[in-house]
Amino acid sequence: MEKRTIVTLPGDGIGKEVLNEAIRVLEAAGFIANYIEGDIGWEFWCNQGNPLPQRTLDLIAEHKIVLFGAITSKPKDEAFKGLIPELKEKGLVYSSPIVGLRQHFGLDICTRPCRSYIGNPLNFVRRSSDNDIDEPKIDTVIFRQNTEGLYGGVEWSNPPEQVYNALMTHPKFIKNFGDTPVEEISVSTRIFTRKATEKILRAAFDYAKKYEYKSVTLCEKPNVIRETSGMMYKMAKEIQKADYPDIKLQNTNIDAQMMLLTKNPENYDVIVAGNMFGDIVSDAFAGLIGGLGFACSAQYNYERGIAVFEPTHGSAPDIAGQQKANPIAMIESACMMLNFIDENSIAKKISTAVAEVVAEGRIRTIDMMKMSDSHDAIEKSVASTRQMTDAIINKL
Ligand code: NAD
């Protein structure tokens with residue numbers, strides 16, 4: 001059988017470390033592929049002026065399946081300082097390469113499952129009515145619209161005249177901001193389209209139907225953000241009524257959801273949200289299952305068959321290069337990749353091995369111990385990134 005080609009984008013910081021570990025697990029589990037490494041991230045911005053080079057986009061367009069580690073992203077001014085001197089005069093403006101990648105390939109469906117592992121010392125617990133410690137099982141899958149909304153990149157500081165004039169046609173703008181000098185105004189737009197909104201809603205309902213979840217919760221803020229959240233809520237109700245009558249539609253506001261998730265997280269099956277609220281709610285749910293070291297993620301353009309699998313976390317400069325990263329989020333993201341390409345039995349084998357290692361509790365990375373400030377953690381026999389991977393491989 002012809003070997004598959006997987007594009008690997010290690011990126012920055014712990015992205016490089018955890019991606020290597022995921023490939024070791026894939027190979028040990030019997031998934032044999034050609035891995036082609038692509039360039040992305042901070043180094044390519046600083047030295048070449050582009051954190052997402054065209055050659056990387058070409059690689060992805062050709063091979064379609066991507067394993068991505070993490071990148072470092074910095075605000076505009078800090079990013080400018082990182083450029084080598086000869087690039088400083090070129091008028092380059094930094095933007096996040098992972099956001100750019102999602103938009104370039106229309107990876108508009110982002111799926112982030114948050115499922116608790118038995119035996120994880122970081123699992124969310126609460127006190128039950130009879131004063132016992134209660135550990136509710138979390139099994140929530142977040143669907144995040146991945147290309148629009150507040151991360152759409154349509155924004156200005158000191159907006160140009162045409163934009164300012166257009167804003168001045170809105171009665172609320174005149175009332176609330178009409179007296180503010182234009183050079184003191186920054187605007188970030190929140191644009192939702194019906195097409196992308198329908199796609200993420202249907203993806204969430206389809207998933208709930210396929211995997212027999214009882215409810216889909218829309219997590220937005222339609223009572224205040226009336227046009228974008230409001231449109232999404234209206235469409236969710238119409239779609240549910242017409243095509244998914246057996247699945248309950250719940251509606252929560254993002255602020256209330258942050259509180260509800262530590263009261264009754266078991267009430268949430270599939271959650272669907274726009275780009276930024278989806279980002280927030282998925283990190284928040286990740287906190288209930290042990291944090292970012294356990295949070296996997298996939299982003300798809302189903303029409304083109306392009307998919308990028310990545311841990312939810314970033315490059316974690318605070319622990320990079322120290323063998324302290326938990327590789328499980330990356331390894332589970334690789335399992336999501338295997339499921340996408342119909343290698344379900346290998347995915348199952350790996351996920352089972354991960355679950356066994358966590359349940360056994362003999363090997364724990366530093367994020368699973370209460371030692372986050374300890375610089376000599378590895379010497380104190382907390383498991384390193386590599387030791388955690390070895391333990392998973394031994395269970396295969
Ligand atoms: P982060 O996710 O990198 O780290 C947040 C905290 O979680 C840190 O304390 C870190 O040590 C810890 N952590 C993260 N992953 C872990 C793992 N696998 N094991 C153990 N602990 C882990 O977020 P941040 O600190 O806000 O951002 C750091 C950089 O990453 C920034 O430049 C940011 O822009 C970027 N970022 C990139 C992505 C991405 O590549 N998709 C996502 C988020 C942040």
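We count residues from 1, following the sequence as given. When a ligand or atom number is given, it counts from 1 through the structure's own listing order. The figures that follow rest on heavy atoms only: side chains count, while hydrogens, waters and symmetry mates do not.
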Check your understanding: Can you check ring pair (Phe, Tyr, Trp, His ring centres under 6.0 Å) on Phe143 and Tyr207, steps first, answer last?
Key -> CA-CA 9 Å; Phe143 278 73; Tyr207 188 93; 5.3 Å; yes
What does the N/O contact table under 3.5 Å look like for ligand 1?
residue, atom, partner, partner atom, Å
ligand 1, 2 (O), Gly314, N, 2.7
ligand 1, 3 (O), Gly314, N, 3.4
ligand 1, 3 (O), Ser315, N, 3.4
ligand 1, 3 (O), Ala316, N, 2.8
ligand 1, 9 (O), Asp318, OD2, 2.8
ligand 1, 11 (O), Asp318, OD1, 2.9
ligand 1, 11 (O), Asp318, OD2, 3.0
ligand 1, 18 (N), His313, NE2, 3.3
ligand 1, 18 (N), Asn326, O, 3.0
ligand 1, 19 (N), Asn326, N, 2.9
ligand 1, 30 (O), Ile71, O, 3.4
ligand 1, 30 (O), Ser315, N, 3.1
ligand 1, 30 (O), Ser315, OG, 3.4
ligand 1, 32 (O), Ser73, N, 2.8
ligand 1, 32 (O), Ser73, O, 3.0
ligand 1, 34 (O), Ser73, N, 3.4
ligand 1, 34 (O), Ser73, O, 3.2
ligand 1, 40 (O), Ile71, N, 2.9
ligand 1, 41 (N), Glu310, OE1, 3.1

Revision key, fill the gap. Sequence neighbours excluded, the answer for salt bridge (charged side-chain N to carboxylate O under 4.0 Å, His left out) partners of Asp39 is Arg55
Practice item. Classify the side-chain pair Gln145/Thr147 by whether it contains a donor and acceptor separated by less than 3.5 Å. Key: yes
**Study point:** Fellow cluster residues of Ile32, listed by chain then number, with links counted only when side-chain atoms sit under 4.5 Å apart
**Key:** none
Exercise for review: List in chain and number order the residues that pass ring pair (Phe, Tyr, Trp, His ring centres under 6.0 Å) with Tyr35, two or more places apart in sequence or in another chain; answer none if no residue qualifies.
Suggested key: none
Study note, to complete from the structure: Separation between CD (Glu21) and CG (Leu26), nearest 0.5 Å, reads 11.5 Å
